[in-house]
Structures are given as C-alpha cells and as structure tokens.
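Before any comments, here is the structure.
Just so it is clear: chains get the letters A, B, ... in the order the sequence lines come, proteins before strands, and each one is counted from 1.
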Protein chains: 2
Amino acid sequence: MAVDHDSGDYVYEQVAAILRERIADGTYRAGRVMPSARTLSQELGVSIGSVKHAIELLRAEDLVETRIGRGIVVRSNVLPR
Amino acid sequence: MAVDHDSGDYVYEQVAAILRERIADGTYRAGRVMPSARTLSQELGVSIGSVKHAIELLRAEDLVETRIGRGIVVRSNVLPR
DNA sequence: ATGCATTTGTTCGTATGTATG
DNA sequence: GCATACATACGAACAAATGCA
C-alpha cells in the first residue's frame, strides 16, 4: 500500500489508512513505539505535516498515544468498530 | 555577522556560515570544543533546532565532530575547498 | 561508586509562510 | 476565500553519554 498523490483522496487519510493496516496486521505492536513521524514521512514520501495529521486521526480513535521525546505508542492492535 | 530572520536565506544556513567563519578565523580552534548548541542558540537568537541543523551541515563537511555529553569538537581550522 | 549537571540526539507539538486547486 | 500540502522554525520533553565531585 502506498500513497498516491494523484488520487482524489487526501494524503493524510491515505497515510492513516496505511498505519491502521499495519497496526491491525501486527506490524506495529501494542505497547511499543512505531517509527517516528519523520521516518514515516521519508518512507512514505509525504510531508511530516501530513503524517502528523494522520497521527491526530489515530489518536482521536485511541489507536495510539503520543509522547514528546518518546514517540508514537500503539495502544491496541484492535481497530475500532 | 548576525542572523537575519527577514533575509530570504535559511536560518540554519546563516548559522552554519557564521560558525564556518569563526572556525576559519581561529575563534574556535581545532581539537577543542566550541560553545554548546544551547549557548549558541541564545547568543545568536535562534532556536536550538536551527543550531543543530547547522551543526549537521558542518559535520557533513568534517569540520566538526559531536559527542554526547562532551560537545562539538572542531576538527580543523581549514575550510573544505 | 554514586549521584548530578552538562551536552548532544531524538521526538512530538505548534506556528508560520508559500504554493496549489 | 479556503482547505490541503509542504517546508522551515521554534519550543518542550525525554533519552543517552560524558565528566566531575
């Protein structure tokens, strides 16, 4: 799964979908930190702002929690609803 | 030489230029540590992040090396090319 | 040897400016 | 005018390494 800049879908939604998938399939495990926003932005070829926007969505879903100086921590591998 | 926030040039490039100048003129000497990133940020009126960005550039040029807990060590007073 | 301050390294949070549609 | 997207810049919290008392 990759980000398509020419798709009509928002970049931050595409990033959020990719991260949800990786959480659901166990690529990123509960209780551990996932790659940093900077790393993700480089890997996915999008701006750091778009990654942070995506992370905000996951945080609103209680899928992750974020800690300054620590990283993005996965809360659960079970997606909501 | 001072940082100009309204100049079109990037702050971190301006900081790098200032530090290169100080190395070249012997203000900071080879084999010794220069002021810490925090001190430089206060002196120059820029964020610590911008100083660290500038230091990354100097490190890429092998002008300095950095050591956690020690500081920023000048490697040579001769600027590349 | 133990603790503490200093320092760089990493990370997220926020604001701002520019460009685009 | 407005929202998206990107990049720079600044700030704060945390981690790890170093040196010293």
* Asked: Hey, is the main chain of Y28(B) close enough, under 3.5 Å, to the side chain of N77(B) for a donor-acceptor pair?
  -> yes
* Structure fact -> Quick tally for nucleotides 16-21 of chain C: nucleotides whose base has a protein heavy atom under 4.0 Å get B, sugar-phosphate-only ones S, the rest -, giving ------
Would you list the protein and nucleotides 8-14 of chain C atom pairs, both N or O, that sit under 3.5 Å from each other?
residue : atom : partner : partner atom : Å
dT8(C)  : OP1  : A37(B)  : N            : 3.2
dT8(C)  : OP2  : A37(B)  : N            : 3.1
dG9(C)  : OP1  : T66(B)  : OG1          : 2.4
dG9(C)  : N7   : K52(B)  : NZ           : 2.7
dT11(C) : O2   : G69(A)  : N            : 3.1
dC12(C) : OP1  : A37(A)  : N            : 3.1
dC12(C) : OP2  : A37(A)  : N            : 3.1
dG13(C) : OP1  : T66(A)  : OG1          : 2.5
dG13(C) : N7   : K52(A)  : NZ           : 3.0

* Asked: Hey, any chance V3(A) and L40(A) share a hydrophobic cluster, counting ILVMFWY side chains that come within less than 4.5 Å of each other, even indirectly?
  ->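 Looking at the clustering, L40(A) is in the same group as V3(A).
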* Single-linkage hydrophobic cluster I68(A)~I72(A), side-chain heavy atoms < 4.5 angstrom ->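 Hydrophobic grouping puts I68(A) apart from I72(A).
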Figure out the [atom1]/[atom2] separation between [X] and [N], and round it to whole Å.
X      : N       : atom1 : atom2 : answer
Y10(B) : dC10(D) : OH    : P     : 14 Å
H53(A) : dC6(D)  : NE2   : P     : 12 Å
E65(B) : dA17(D) : CD    : P     : 17 Å
D9(A)  : dA5(D)  : CG    : C1'   : 15 Å
R32(B) : dT7(C)  : CZ    : C1'   : 19 Å

* dA7(D): pairing nucleotide in any strand, Watson-Crick or G-U under 3.5 angstrom ->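 Matched dA7(D) with dT16(C) under the 3.5 Å cut-off.
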* Does dA1(C) have a Watson-Crick or wobble mate here (both distances under 3.5 Å), and if so which one? -> none
* Asked: Roughly how far, to the nearest 0.5 Å, is the OG atom of S50(B) from the CD1 atom of I55(B)?
  ->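 Atom-to-atom, I55(B):CD1 and S50(B):OG are 11.5 Å apart.
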* If you take all heavy atoms of S7(B) and D9(B), which pair is closest and at what distance? ->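 So the two residues come closest at OG-N, 2.8 Å.
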* Asked: Any side-chain heavy-atom pair from V15(A) and V11(A) closer than 4.5 angstrom?
  -> yes
* **Side chains of R59(A) and T66(A) in contact at under 4.5 Å (non-hydrogen atoms)** => yes
* Under 4.0 Å between a side-chain N/O of Y12(A) and OP1 or OP2 of dT4(D), yes or no? ->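 So the side chain of Y12(A) is within the cut-off, an N or O lying under 4.0 Å from OP1 or OP2 of dT4(D).
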* dC10(D) phosphate, OP1 or OP2: any side-chain N/O from H5(B) under 4.0 angstrom? ->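 Yes, H5(B) has a side-chain N/O under 4.0 Å of OP1/OP2 on dC10(D).
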* Quick one: which residue pairs count as a ring-ring contact (aromatic ring centres under 6.0 Å, His included) with a foot in residues 44-81 of chain A, not counting sequence neighbours? =>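 Pairs touching residues 44-81 of chain A that pass the test: Y12(A)-H53(A).
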* Asked: Just wondering, are more than 12 heavy atoms of other shown residues or ligands nearer than 6.0 Å to CZ in R22(A)?
  ->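 Enclosed.
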